**Q** 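Submitted below is the structure of interest, expressed as structure tokens.
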Amino acid sequence: MRNENIDGRLDGPQPEPGEKDSLFLRLVYMLLIYVMIGVANTILAVATLGQIVIMLLNDRQPNERLADFGTDLGIWIAKAARYQVAASEVKPWPWTDLD
């Protein structure tokens with residue numbers, strides 16, 4: 001199941017980063033993003049457990065806002081991972097807009 005809205009946010013036009021960072025500066029960003037990905041994974045685990053509880057109490061109906069938050073978080077993690085492996089020069093939020 002493909003969602004064009006999500007595909008556009010992940011693979012659509014990205015802001016041009018302009019001048020490339022030095023390798024040392026990129027390493028610093030990569031380390032910061034590594035820590036942020038760890039925090040994001042913890043938040044994802046808490047959101048997942050929360051959604052399971054909600055679905056248990058709400059006749060298997062998920063909370064749409066929590067589901068949308070999970071989608072946004074997943075897109076951020078994907079963009080961060082792309083920067084980490086040098087598939088993209090665009091740094092994720094907070095260095096660029098959270099779209």
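Predicted model only: the values in this text are computed from it and were never measured.
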**Q** State, to 0.1 Å, how close Y83 and S88 come at their nearest heavy-atom pair, and which atoms those are.
**A** CD1-O, 3.5 Å

**Q** Are V39 and L66 connected into the same hydrophobic cluster when the rule is that any two of I, L, V, M, F, W, Y join if their side-chain heavy atoms are below 4.5 Å apart?
**A** yes

**Q** Is the shortest side-chain heavy-atom distance between K79 and V90 below 4.5 Å?
**A** no

**Q** Using only atom types and a distance under 3.5 Å, with no angle test, would you say the side chain of T96 pairs donor to acceptor with the backbone of K91?
**A** yes

**Q** Do you know which two heavy atoms are closest between P92 and I33, and how far apart they sit?
**A** CD-CD1, 3.6 Å

**Q** Are more than 12 heavy atoms, taken from residues, nucleotides or ligands other than L23, located less than 6.0 Å from that residue's CG atom?
**A** no

**Q** Please round to the nearest 0.5 Å and tell me the distance separating atom CD of Q84 and atom CG of L31.
**A** 8.0 Å

**Q** Say whether, by atom type as modelled, one donor and one acceptor occur between the side chain of R26 and the main chain of E89 under 3.5 angstrom.
**A** no

**Q** Would you confirm whether W93, through its side chain, and W76, through its main-chain N or O, come within 3.5 Å as a donor-acceptor pair?
**A** no

**Q** To the nearest 0.5 Å, tell me how far I37 CD1 sits from M30 CE.
**A** 9.5 Å

**Q** Side-chain contact test, heavy atoms from C-beta onward, threshold under 4.5 Å: evaluate it for N41 versus I77 and give yes or no.
**A** yes

**Q** Any non-hydrogen side-chain atom of T48 less than 4.5 Å from a side-chain atom of L44?
**A** yes

**Q** In terms of hydrophobic clustering (I, L, V, M, F, W, Y; side-chain heavy atoms under 4.5 Å; direct or indirect links), are M55 and V46 co-clustered?
**A** no

**Q** So how far is it from L27 CG to L32 CG, rounded to the nearest 0.5 Å?
**A** 10.0 Å

**Q** Count I, L, V, M, F, W, Y as connected when their side-chain heavy atoms are under 4.5 Å apart, and connections chain through other members. Are Y34 and L73 then in the same cluster?
**A** no

**Q** To the nearest 0.5 angstrom, please state how far the CG atom of L49 sits from the CD1 atom of I54.
**A** 11.0 Å

**Q** If you compare all heavy atoms of Q51 against all heavy atoms of A67, which two are closest, and at what distance to 0.1 Å?
**A** NE2-N, 3.7 Å

**Q** Any side-chain heavy-atom pair from N63 and F69 closer than 4.5 angstrom?
**A** no

